[in-house]
Amino acid sequence: MTPLQELSWVSLQGPRVLSQRNGKRKTLKCFGESLVATENTPTDLIYQWSPKHKHQRVTCKGKKNEGDQFVLARRSRRKRDFTSGLSWDQLPDELLLSILFYLPLQDLVRMSSVCRRWHRLVFDESLWHSVDLEGLTYGGLALEQVLAAGVQRLRCPRSFIGQLQFAGTRPLRVVQMDLSSCTVATSALEDILSCCRLLECLSLEGLQLSDPIIHSLAQNPRMLQLNLSGCSGFSAGSLGEMLKSFSRIEQLNMSWCDFSSDHVKDAISNLHSSVTHLNLGGYRQSLTLEDVTVLVERCPNIETLDLSDSTLLMADSFPVLAQLTKLTHLSLSRCYQIHPAAFADFSETFPALRVLGIFGLVHESHMRSMKKGMPNVSINARPFSAIARPTPAPCERLVYIERAMWNKKCRLRLKS
């Protein structure tokens, strides 16, 4: 028996006094004895002796109802039904949004089909701050809805988006976006990026771009990190104009792009001094010592520099690179024109250096003696570059967070 059920038995104490119409008070008697104490009296007898509850009757007579009487009966309070809780419709929007905030992505979308009000609340921008759609297939419509909902952090790598009929006219609120290795039409990508003005971190690794896309990126002066590794389809002039507009950029990855010598020269000659992490690897016949000299003059604050696979570079580039006094990470892997003996006094030339990548240059038999000569430098510890990449490869010296984007996870996540 619950506490509420137990309360119905408490009033059965003391004499039972009933009121009658004449106003007199009468004490019920049973078997010639007064019910002074009803503690041991059977309950069914007490209810039998109690007067029946009479409804309040209101008679109404009128000209049309002279022969009839209409009785309005008021239902007993004890029999009146009371609701034990509130309806969902009575909850304010703020409370419903707080509840919807804790739903996973799939359940949140299902709630949008309940009614029009819930559909409006489900797609409130406060619930769609960060979304992870990795591995999405045929997700053109889904991506449209997410962008229209006001997402600020969008992670959608390795997804099949296909054609996208994005007819957005107002600027999007996207600040960080990862579309690396996506299957998406260039025209759809143009539509999306043409509405972006607040981008700070962007990864388009491995995508086919165009000059309109590069021009749209130039409209984001807050850009801090940009990953264009493996991209193609745009001219050298548009690349230079874009980089000229990025006065705050810190990390830039332009490795292994479909670049000519003009692309490399225009890119380097338009970089700002704000760049601290730069990846220009993969330009075997395009990057020269002259380009490195211009780079050092324009970007004296570089801390991490990757010039891997630049086969035209030789040991005479070391004095030029030594002017970067803040350089702590240098990668010269597979720069085959550099002789291993040139690294003998490398720690003296670069006193601030802590990480060195020379894959393919030094044989394993000489690696031990080289590490002994540079005890403060970690050699070949990072085979993959993490510059401007939203989710770098796992490394013993880097904190790796699964399915993170620039060291932060998204709140809503598509379950695989």
Side-chain angles (χ1 to χ4, degrees), residues 104-106 128-137 139 142-143 146-147 151-161 172-184 189 192-193 196 198-209 213 217 220 222-232 246 249-257 275-282 303-306 308 328-329 331 333 355 357 359 378 380-416:
L105 179 59
Q106 280 83 348
W128 297 86
H129 179 269
S130 58
V131 183
D132 185 350
L133 300 177
E134 180 181 1
L136 185 69
T137 56
L143 187 58
V146 170
L147 291 171
V151 63
Q152 297 184 29
R153 301 181 68 247
L154 175 61
R155 183 174 184 268
C156 194
R158 294 171 292 279
S159 302
F160 182 82
I161 299 173
L172 299 177
R173 302 188 62 187
V174 184
V175 177
Q176 296 182 357
M177 183 162 57
D178 179 13
L179 298 177
S180 303
S181 304
C182 279
T183 303
V184 56
L189 199 57
I192 295 175
L193 294 176
C196 295
L198 304 176
L199 285 172
E200 296 181 2
C201 300
L202 176 64
S203 178
L204 301 175
E205 183 168 347
L207 300 187
Q208 178 77 20
L209 307 183
I213 290 177
L217 294 182
N220 295 267
R222 300 182 182 180
M223 189 72 72
L224 299 176
Q225 298 189 34
L226 177 61
N227 180 19
L228 297 179
S229 178
C231 292
S232 59
F246 293 160
I249 193 165
E250 299 175 355
Q251 297 194 26
L252 179 61
N253 191 336
M254 296 186 295
S255 61
W256 296 99
C257 292
V275 176
T276 59
H277 297 69
L278 178 63
N279 189 342
L280 285 175
E303 301 174 6
T304 302
L305 179 62
D306 192 338
S308 301
T328 60
H329 184 177
S331 182
S333 300
V355 180
F359 289 98
S378 178
N380 290 348
R382 304 179 186 179
F384 304 104
S385 175
I387 297 175
R389 281 200 166 105
T391 309
C395 178
E396 59 181 7
R397 291 180 175 269
L398 294 176
V399 178
Y400 175 72
I401 305 175
E402 185 181 3
R403 297 193 69 162
M405 182 174 65
W406 286 288
N407 297 324
K408 290 183 180 179
K409 283 192 172 185
C410 296
R411 192 183 70 83
L412 293 177
R413 171 180 170 181
L414 180 67
K415 294 181 180 179
S416 56

Starting at [atom1] of [X], measure out to [atom2] of [Y] and round the result to the nearest 0.5 Å.
{"X": "Phe359", "Y": "Asn380", "atom1": "CZ", "atom2": "CG", "result": "4.0 Å"}
{"X": "Arg155", "Y": "Leu412", "atom1": "CZ", "atom2": "CG", "result": "14.0 Å"}
{"X": "Asp178", "Y": "Arg389", "atom1": "CG", "atom2": "CZ", "result": "11.0 Å"}
{"X": "Arg222", "Y": "Glu200", "atom1": "CZ", "atom2": "CD", "result": "6.5 Å"}
{"X": "Arg382", "Y": "Asp306", "atom1": "CZ", "atom2": "CG", "result": "11.5 Å"}
{"X": "Lys408", "Y": "Ser130", "atom1": "NZ", "atom2": "OG", "result": "9.5 Å"}

How about [X] and [Y]: do any of their side-chain heavy atoms sit closer than 4.5 Å?
{"X": "Leu136", "Y": "Ile161", "result": "no"}
{"X": "Leu193", "Y": "Leu199", "result": "yes"}
{"X": "Leu179", "Y": "Cys156", "result": "yes"}
{"X": "Leu105", "Y": "Arg413", "result": "no"}
{"X": "Glu205", "Y": "Asn253", "result": "no"}

Would you tell me whether Ser232 and Gln208 have side-chain atoms, one donor and one acceptor, within less than 3.5 Å of each other? yes

Assess the side chains of Trp406 and Gln225: does a donor N or O sit below 3.5 Å from an acceptor N or O? yes

Identify the heavy atoms of [X] and [Y] that sit nearest to each other, and give their distance.
{"X": "Phe246", "Y": "Asn220", "value": "CE2-O, 3.5 Å"}
{"X": "Glu134", "Y": "Leu414", "value": "O-CD2, 4.1 Å"}
{"X": "His129", "Y": "Val151", "value": "O-CG2, 3.7 Å"}
{"X": "Leu143", "Y": "Leu154", "value": "CD1-CD2, 3.6 Å"}
{"X": "Val184", "Y": "Leu189", "value": "CG2-N, 4.4 Å"}
{"X": "Ile387", "Y": "Leu252", "value": "CG2-O, 3.7 Å"}

Between [X] (side chain) and [Y] (backbone), is there a donor-acceptor pair under 3.5 Å?
{"X": "Ser180", "Y": "Leu204", "answer": "no"}
{"X": "Gln251", "Y": "Ala388", "answer": "yes"}
{"X": "Thr391", "Y": "Ala404", "answer": "yes"}

Tested for side chain to side chain donor-acceptor pair (under 3.5 Å) against Asn227, the lone hit among Ser203, Ser385, Ser255 is Ser203

Run the side-chain contact (heavy atoms from CB on, under 4.5 Å) test on Val275 and Ile249 for me, step by step, so that the C-alpha distance in whole Å, both residues' side-chain angles and the decisive distance to 0.1 Å come before the verdict. CA-CA 6 Å; Val275 176; Ile249 193 165; 3.8 Å; yes

Taking only residues two or more places apart in sequence, or in another chain, which ones meet Glu250 in a salt bridge (charged side-chain N to carboxylate O under 4.0 Å, His left out)? none

Not counting sequence neighbours, which residues clear salt bridge (charged side-chain N to carboxylate O under 4.0 Å, His left out) with Arg153? List them please. none

Can you check side-chain contact (heavy atoms from CB on, under 4.5 Å) on His329 and Glu303, steps first, answer last? CA-CA 6 Å; His329 184 177; Glu303 301 174 6; over 6 Å; no

